[in-house]
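Taking it in order: structure first as structure tokens, then the write-up.
No experiment lies behind these values; they were computed from the predicted model shown. In listed order, ligands and their atoms are each counted from 1. All heavy atoms count here, side chains included; hydrogens, waters and symmetry mates do not.
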Amino acid sequence: MNILVCNVGSTSLKYQLFDMAHGEQVLAAGGAERVGGARSLFYHRNNRTGDSVQLEAVFPTHREAICAMLEHLLAGCIETLEEIACVGFKVVHAKGVTGVQFLTEDVLQAMADFNAVAPAHNPPYLAAIRQFQSLMPATPMIGAFETAFHAQIPPEAYLYPIPIELSEQYAIRRYGFHGASLEYLSTWTAKAMGREDLKLVCCHLGGSGSLCAVKNGVSIDTTMGMGLQCGVLQNNRIGDMDPYIIFYLVEECGMSLQEVKTMLQTKSGLYGLSGGVSNDLRDIDQAAQAGDVHCQNAVKAYAYGIKKYIGAYTAAMGCLDAVVFGGGIGRNSATVRGMALEGLECLGVQLDPEKNAHARGGMDLSRDGSPVRIYVVDTNEEIIVARKAKALLEKG
Ligand code: ADP
């Protein structure tokens with residue numbers, strides 16, 4: 001059974017074709033970047049033949065990128081589209097819907113109902129899913145919702161302190177995201193430690209990031225909320241912030257509501273704190289080392305947010321067995337890991353600086369004898385989606 005898993009960003013498309021019947025083998029992988037830009041980049045690797053291509057193209061929308069993907073899959077990887085049992089998507093948010101679902105009109109409508117809550121994620125996903133449906137009308141489309149991993153968060157952690165009737169009427173609560181990655185990080189760690197009864201703080205730190213308290217394999221709290229605009233700093237989106245700053249900016253500082261919204265969605269987080277230097281931590285780190293004070297503070301604020309939540313979640317779970325890092329920043333930034341864990345010896349977290357500086361995926365970075373393990377994991381969201389899609393297809 002071949003399953004195509006697609007990850008849709010507002011300007012990108014990444015995909016992997018899995019052969020689920022033969023050891024979850026990746027038959028092909030690739031993607032498109034700068035979709036909608038003047039020149040897009042397309043790359044594809046056929047693992048059956050070992051052939052790779054990388055080319056520049058013009059992809060005004062995701063449709064052209066999907067066509068390029070299908071063309072390359074049909075050129076030596078599969079013979080017909082019928083060999084693809086389904087397309088699986090790591091979909092983000094839907095009103096009243098979670099888990100793994102066939103993407104019916106009702107489910108797509110539920111996603112559209114939460115466009116305002118996940119503005120950077122739901123609209124591009126919906127547009128891309130429509131393109132997939134028109135290009136592959138006979139292939140089932142399945143969505144594994146990022147919220148599903150957090151379905152068991154208790155009321156004290158998911159309720160917002162607003163009138164309860166508003167929460168109930170409008171489905172306002174903490175939902176949590178990055179479920180596929182957090183599930184991968186926590187199950188990987190349980191396997192590595194040979195135990196299920198673990199208290200973990202899993203940190204998915206990418207362009208978009210969140211921390212999660214995982215107790216005995218179950219998410220009991222997470223830093224993301226109703227939407228993806230809270231918790232630790234994001235690349236260019238806001239993290240935790242006093243909501244009254246919005247009223248102050250609109251009522252006293254002459255900004256329109258739309259300007260504030262755009263600012264919170266695209267000019268905040270690391271980008272905003274760095275004074276517009278970049279939304280990429282690599283650039284900010286470099287500028288910080290060269291003495292840029294805004295960039296130094298951006299890195300410090302990012303790491304401080306992580307540290308604070310590790311402490312909070314250790315308190316929520318009663319103890320801590322491991323801190324697990326994944327995502328582009330979690331996996332690659334020794335600076336962020338070092339700063340975030342500094343001073344947490346009181347919780348039993350003892351980072352080995354040498355191991356931290358030379359971290360590779362799958363490594364334990366804790367000092368010998370440290371009561372708490374510190375893992376760096378190459379997360380694999382796609383395989384989680386493929387497994388869930390396969391299970392749904394088999395259930396029918
Ligand atoms: P996304 O969340 O967009 O899927 P990733 O999980 O791949 O992306 O994370 C992307 C982010 O990872 C980039 O914005 C960059 O800030 C960060 N990153 C990648 N490599 C490094 C590195 N070596 N050092 C610091 N940050 C890095």
Counting neighbours of OH on Y160 that are heavy atoms of other residues, nucleotides or ligands and sit closer than 6.0 Å, is the number greater than 12? yes
Hey, are the side chains of V91 and I129 touching, using non-hydrogen atoms and a 4.5 Å cut-off? yes
If we only count heavy atoms from C-beta on, is the H178 to F149 side-chain gap below 4.5 Å? no
With a cut-off of under 6.0 Å to the ring centre and 45° to the axis, is R173 in cation-pi contact with Y175? yes
Measure and list all N/O to N/O distances between ligand 1 and the protein that fall under 3.5 angstrom.
{"unit_1": "ligand 1", "atom_1": "2 (O)", "unit_2": "G207", "atom_2": "N", "d": "2.8"}
{"unit_1": "ligand 1", "atom_1": "6 (O)", "unit_2": "G328", "atom_2": "N", "d": "2.9"}
{"unit_1": "ligand 1", "atom_1": "9 (O)", "unit_2": "G328", "atom_2": "N", "d": "3.4"}
{"unit_1": "ligand 1", "atom_1": "12 (O)", "unit_2": "I329", "atom_2": "N", "d": "3.4"}
{"unit_1": "ligand 1", "atom_1": "16 (O)", "unit_2": "D280", "atom_2": "OD1", "d": "3.1"}
{"unit_1": "ligand 1", "atom_1": "16 (O)", "unit_2": "L281", "atom_2": "N", "d": "2.9"}
{"unit_1": "ligand 1", "atom_1": "20 (N)", "unit_2": "N332", "atom_2": "ND2", "d": "3.4"}

Report yes if the side chains of L182 and S219 come closer than 4.5 Å at any heavy-atom pair, otherwise no. no
Please test E183 against R387 for salt bridge (Lys or Arg N to Asp or Glu O under 4.0 Å), starting from the C-alpha separation and ending with a verdict. CA-CA 12 Å; E183 182 172 334; R387 286 175 191 161; over 6 Å; no
